Amino acid sequence: MTTRPLLAALVAAGVAASGGASAQGSLNVYCSAQVEWCQAVANAFQRETGVRVAMTQKGSGEVLAQIRAEAQNPRGDIWFGGTGDPHLQAAEDNLSAEYRSPNMEQLHPWAQKQAADSRYRTVGIYAGALGFGFNTELLARRNITAPACWADLLKPEFRNEIQMANPNSSGTAYVMIATMVQLMGEEEAFTYLKALHRNINAYPRSGTGPIKAVARGETAVSISFVHDAVTERVAGFPVGNATPCEGTGYEIGSMSIIRGSRNERNARRFYDWALTPDAQKLGADTKQFQIPSNRNAPIPEGAPRFENIKLIEYDFARYGQSAERRRLIERWDREVNSLPR
Amino acid sequence: MRRAALWLAALALAGVVLPPWYLVQDRLADIDWSGGWLTEPDHAPAVSQALLFGRWWLWPVLATAAAAAASLLLPARRSLARALAACGTLGLLALIIQGYAIGLGGWRFAVLEAVFGPLGDRQFGIGTGATLAALAFLWMATTGLAGLGFFRGDPFTAGAVGTVALAVILFTFLPIASLLSDAFRTSEGTYTLGALFGRLGDDRTWGLACLAGAPRCGVAWNTLMLALMTAGGTTALGLAFALLVTRGGIRFPRALRTLTILPIITPSFVIGLGLILIFGRSGIVNQLLYGAFGIEGGRWIYGLQGVWLAQMFAFTPTVFLVLIGVVEGVSPTMEEAAQTLRANRWHTFATVSLPLMRPGIANAFLVAFVESIADFGNPIVLGGNFGVLSTEIFFAVVGAQADAGRAATLALVLLVFALGAFWAQARITGSRSYVSIAGKGDGGVHPPLPAWVRRLCLGVALPWAGLTILLYAMALTGGFVETWGRDYTPTLRHLVRAFDLEWSARGLIWSGVAWNSVWTTVKLAAVAAPLTAALGIIAAWLFTRQSFVGRRALEFATMLSFAVPGTVIGVAYIYAFNVPPLELTGTGIIIVLCFMFRNLSVGLRSGMAAMSQIDRSLDEASFTLGGGGLDALRRVILPLLRPAIIAALAYSFVRAVTTVSAVIFLVSAEYELATVFIINRVINGDYGVAITTSTALIVTMGAVLALIQVVVGSRRIRRRAPALAAGARA
């Protein structure tokens, strides 16, 4: 029979691909950073330690939902990247494990504070400010000046031209809502969001979806982290970025060990390793422009520096709480997302 | 029978004494196989669990296994059979009851806790030992029944019936039943009818506000509207194609027929991707329009129109395939009679041919309807703010709110739509009043189409075929340019990013981003394919060759399970298999099972079609010569079925690789599948890698099918009655 050698070849190839049982064991990584970065981190760790790494990339909201669903029986070991709020909630809901890395002292104060806020169940690995990305060619073609303030986004010329992610699945969009609430007060913020809704053409699932759409010219403006806009510009797209004049929020991209992880030893090894300057340099190597949390890691050239941005005092402890997050998202879903445009 | 009983008792005893009883969390290599596992609480077999760790609820299971062994001493054949049937049934019951009564948190039911007091212990999902014991008990029961004269006294038939029935119940009915119960559960965890009606009446599901000018209607209406539009459109197009190929007198009918292979080898969302590349805001059409006239294209492709267009492209080939059979099935005799009575071509076509095709056309309409409501890939890629049931279910599961009740209720609505279509289909294909192929021979030449109908068909079908090919070409080559819409310099950059290899001191590293998911897909699909084919062929053999009590019911139940949309199965699986006794979420096993039961129809239908062509007298000859059911199957039928088996293997492999809707819920970090990986890249706007990976998948699957075609084709020549009647996507 001709099928037998075929099947045998497939199976043999499959075994070869999995590399057999490795003496160093394995590690399952849920990754909420950009996929190139995730893959670089997975490959580098595997190269250095011989631990077999399985990585899957999903938005931070989705990973949180998955970890919660698997709480009885966790399948992942470590959660790398993604905005800090879902990580804080995982800590609050006892979904992540406490761990103090010996490398903690080398981190910036904001990263250490993130760890302290969560009672050492999560730690900051990078930071980045929220702002606008826009397609310079599209704006020029229409003679629209680029937005510089939150208020600009409500102008009629941006009708159907703005994208932001859906806060149900994206941590980025939640940071935006929490920022507006802290900036304007809750009632004002929702009035703003309702007015903004008219100018939005879609709420994609993923936080990086809108800036990719800007790069490709599918939409003119996006509400995104500014470092993601820099990534697109470096890739050769006509993308500009700005941070709002009223002030803006920021994210602390975080990392947590999942409680009940089956490869906890490797997870801790990964945790320590991911906080070293060498590992944090991988972000810049894969053209990511966040600010790394290790003080000795170089800030990537072209990264939007915090000293040039008007940042608000973002209250991570309060807006990272599950109840607060659920309340704000549900309110947004009910009062904003259901409105006609 | 005594020998079978000996083996089964040995299997049951081995199951409780040797391998780990519970699901092992570590890799098998990490277990201390030198003997230590016998006394480790995580890895111990049932005997040690009961003796050393006080898990008394395993005693009934152990006792029945011992009783089965003891019953071998019974001298009389009949009393042995009775004992086997009793032991098997009791053992299976004991296993099931303890499995469902005690879970991860002790007693699963408050009643039990009240009666027996708190348990102070817990148990995990069943492992190797429990699985072996369960199978042994099942076959003991069926062997015993056969010994008592049921199933015509044939133990193999009895065992096969038991296995198929248990498999269908466990992996189709149980998950769906538990999903339905979720729809009744309130957020506090109690079950009420009100919870279901509250959710059913939800404005987001059934709202009709869009008729009054509001932005969106309920998703149920969206789904229905889309499905009706798609079904209508694809049926019209498919009919045009079918008429042209069978009676249009065109020169290359085979070339058009190859179109039908496309939907089998392509993941459904590839069409959506191609449409974005053509009609998206930075797609070719808009760029040309802007370049030539300065017209700004809009975002119209995202929404109902876009999804509809994508589904039209995706499902027309499927409908075409169904309609070829219908159009060919109309007997020329009737048409000749009409012409003899001086009807002109148009008159014949309109009053004879078309009415005879009516039930077939209705069936094709329903096939397209079901494909459309079950489609997940295109709505998620192109939907924008337009939600349908399958995508809403997905968001209810993975969204930050993780609303299981809403997911279950929406799944229920989707299931009702699908079963409604299935019921209508069964009614239509079951009616015999339109049969026109009789025993008498006929000329076999269909009259040509009326001239203007032919022109109409040509005018519709050829441009559409051209568009379909263009679309596929775009979707396949779009990954080999720098950036679609901006920079059309050819590049292999995306391919390298997806499938890079690296040598390091520790050996080869598969450093491309797509390797992990592609290898996992191939491995799991390769494991699933032979199992799917085997189960399908055995079931086909039971349904066509054997008669036993409950055959019709089992056959109907199996067929019914094919009507369940993938999204529903996916959701049902994660909820049903997340907790013991069957604790499978996040493992490769659950994906293999999902592949098996989603694609069982392939093996079953090709098996049934092939078996109906093999005369029963062959079985009877084998029976007369003293062979049992197993001998007839193994020595007579299987050798004659070889092409059908190979086809079933190939198609179940290919369909497993290209499926999206069900498995998107089942993947984990360790077991990520290629189609899910691609969808996530598309959602992230990362088209380069998405397209190169789907190209690699499509090309590989095309090659697999071509290879199989060569193999099977050469066999066809030597045999007079070709047995490969299985429609590719029957």
Side-chain angles (χ1 to χ4, degrees), chain A residues 1-3 6-7 10-11 13-14 17-19 21 28-30 35-36 39 43 46-47 50 54-58 61-62 64-66 68-70 72-73 75-76 141 160 167-169 201-206 208-209 212-213 215-219 236-237 262 325-326 329-330 339-341, chain B residues 25-27 29 104 213-215 280-282 296 299 302 384-385 395 397-402 482-487 497 502 504 506-511 513 515-516 519 522-523 526 529-530 574 578-579 583 585-586 642 646 649 667-670 672 680-681 683-686 689 707 711:
Chain A
M1 296 245 311
T2 329
T3 45
L6 180 73
L7 272 182
L10 285 177
V11 170
S18 65
N28 295 318
V29 181
Y30 290 151
V35 69
E36 290 86 2
Q39 195 61 46
N43 286 344
Q46 184 165 344
R47 216 175 288 129
M55 182 276 295
T56 189
Q57 194 266 344
K58 285 182 173 180
E62 279 176 53
L64 178 62
Q66 181 163 12
R68 190 170 283 147
E70 294 171 351
Q72 296 263 353
N73 198 354
R75 303 287 168 180
R141 203 187 280 174
N160 254 336
N168 278 309
S169 53
N201 59 43
Y203 294 102
R205 263 175 71 204
S206 142
T208 52
K212 297 264 179 191
R216 262 156 241 279
E218 297 283 323
T219 187
F237 291 102
R262 275 184 273 163
R325 176 179 143 112
R326 196 175 309 121
I329 292 179
E330 268 174 15
L339 287 181
R341 296 212 177 98
Chain B
Q25 303 281 344
D26 314 288
R27 282 165 195 283
L104 284 170
R281 205 168 169 188
S282 51
E296 278 272 358
R299 296 176 40 86
Y302 300 98
N385 297 313
F395 288 129
V397 173
V398 302
Q401 305 189 351
E482 274 293 332
T483 316
W484 193 269
R486 292 200 56 76
D487 181 357
R497 209 150 65 87
E502 218 177 272
S504 78
R506 290 178 192 271
L508 186 64
I509 292 184
W510 304 72
S511 55
V513 291
W515 279 122
N516 182 23
W519 278 126
V522 169
K523 260 190 285 185
I574 46 169
N578 199 22
V579 285
E583 191 186 342
T585 313
R642 207 167 284 167
I646 294 171
L649 273 176
V667 296
S668 55
E670 205 175 349
E672 184 175 39
N680 279 331
R681 297 287 76 71
I683 289 171
N684 258 315
D686 190 1
V689 168
L707 192 75
V711 174

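Bear in mind that the values here come from a model prediction, so they are computed numbers and not experimental data. Computation of the quantities below employed the complete heavy-atom set of this structure, encompassing side-chain atoms and omitting hydrogens, waters and symmetry-equivalent molecules. Note on naming: letters A, B, ... go to the chains in the order of the sequence lines (proteins, then strands), and numbering restarts at 1 for each one.
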K.L.:
Do you see a donor-acceptor pair shorter than 3.5 Å between the side chains of A/Gln57 and B/Arg681?
P.N.:
yes
K.L.:
Report the distance from atom CG of A/Asn43 to atom CH2 of B/Trp515, rounding to the nearest 0.5 Å.
P.N.:
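A/Asn43 atom CG to B/Trp515 atom CH2 measures 13.0 Å (nearest 0.5 Å).
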K.L.:
Please classify the contact between B/Glu482 and chain A as side chain, backbone, both or neither, with a heavy-atom cut-off of under 4.5 Å.
P.N.:
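Contact with chain A involves no heavy atom of B/Glu482 at all.
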K.L.:
Taking every heavy-atom pair that is under 4.5 Å apart, which of A/Val29, A/Val35, A/Thr208 has the most such pairs with chain B?
P.N.:
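Max contact count across the listed options: A/Val35.
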K.L.:
How about A/Met55 and B/Glu672: do any of their side-chain heavy atoms sit closer than 4.5 Å?
P.N.:
no
K.L.:
If you measure from OG1 on A/Thr56 to CG on B/Asn680, what distance do you get to the nearest 0.5 Å?
P.N.:
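Atom-to-atom, A/Thr56:OG1 and B/Asn680:CG are 6.5 Å apart.
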